[in-house]
Amino acid sequence: VQLQASGGGLVQAGGSLRLSCAASGTDFSMNGMGWYRQAPGKQRELVATIISGGSTNYADSVKGRFTISRGNAKNTVYLQMNSLKPEDTAVYYCSAMHLRVYWGQGTLVTVSS
């Protein structure tokens with residue numbers, strides 16, 4: 001299974017970005033997909049997850065600003081990020097879960113003040 005994430009970039013504080021991720025190399029539908037992030041010098045942390053039934057979970061720091069959603073295509077997930085803050089700067093990793101956790105390569109999000 002390969003996960004391809006895209007959509008990162010440089011944005012000013014208060015701006016928006018949309019991350020996309022698609023899983024390939026499997027016929028299975030992932031039970032859940034999500035986004036994690038790792039800022040310089042910090043541990044990787046959960047941003048948001050969504051399971052096959054549609055239930056979502058968000059880190060407190062992004063609630064009300066970020067929205068995770070599944071795409072119409074199988075095994076795709078999006079992260080709409082609004083009202084971005086400099087502290088959102090990190091490498092964002094896509095993850096997918098089916099019997100085990102799979103990770104994408106990461107996409108860099110930089111929010112300037």
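Along the sequence shown, the residues carry numbers beginning at 1.
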Would [X] end up clustered with [Y] when hydrophobic side chains under 4.5 Å apart are linked, directly or stepwise?
| X | Y | value |
| --- | --- | --- |
| V101 | V47 | no |
| M97 | V1 | no |
| V62 | V111 | yes |
| L3 | Y93 | no |

First locate atom [atom1] of [X], then atom [atom2] of [Y], and finally report the distance between them rounded to the nearest 0.5 Å.
| X | Y | atom1 | atom2 | result |
| --- | --- | --- | --- | --- |
| N75 | T26 | CG | OG1 | 6.5 Å |
| R65 | S83 | CZ | OG | 7.0 Å |
| S20 | L79 | OG | CG | 9.5 Å |
| T89 | L84 | OG1 | CG | 8.5 Å |

Determine which pairs satisfy disulfide bond (SG atoms under 2.5 Å apart) with at least one residue from [range], sequence neighbours left out, and list them in order.
| range | answer |
| --- | --- |
| residues 19-113 | C21-C94 |
| residues 40-90 | none |
| residues 26-84 | none |

### Query
Between Y36 and T49, does a side chain to side chain contact (heavy atoms under 4.5 Å, CB included) hold up when you go through it step by step?
CA-CA 9 Å; Y36 291 71; T49 60; 4.2 Å; yes
Heavy-atom pair of closest approach, residues [X] and [Y]:
| X | Y | result |
| --- | --- | --- |
| S113 | P86 | CB-CG, 3.8 Å |
| V77 | M33 | CG1-CE, 3.8 Å |
| A22 | T76 | CB-CG2, 3.9 Å |

#### Entry: Donor on one side chain, acceptor on other, N82 and S16, under 3.5 Å
yes
State, yes or no, whether a side-chain contact exists between [X] and [Y] at a heavy-atom distance under 4.5 Å.
| X | Y | answer |
| --- | --- | --- |
| R70 | Y78 | no |
| I50 | N57 | no |
| V91 | R37 | no |
| L17 | V109 | yes |
| Y102 | M30 | yes |

Between [X] (side chain) and [Y] (backbone), is there a donor-acceptor pair under 3.5 Å?
| X | Y | result |
| --- | --- | --- |
| T110 | L10 | no |
| Q105 | A5 | yes |
| Y58 | I68 | yes |

### Task
Begin from the C-alpha positions of M81 and L19 and carry the test side chain to side chain contact (heavy atoms under 4.5 Å, CB included) through to its verdict.
CA-CA 8 Å; M81 305 186 293; L19 304 183; 3.7 Å; yes
### Query
Centres of the W35 and F66 rings: under 6.0 Å?
no
### Query
Under 4.0 Å between a Lys/Arg side-chain N and an Asp/Glu carboxylate O for K63 and D60?
yes
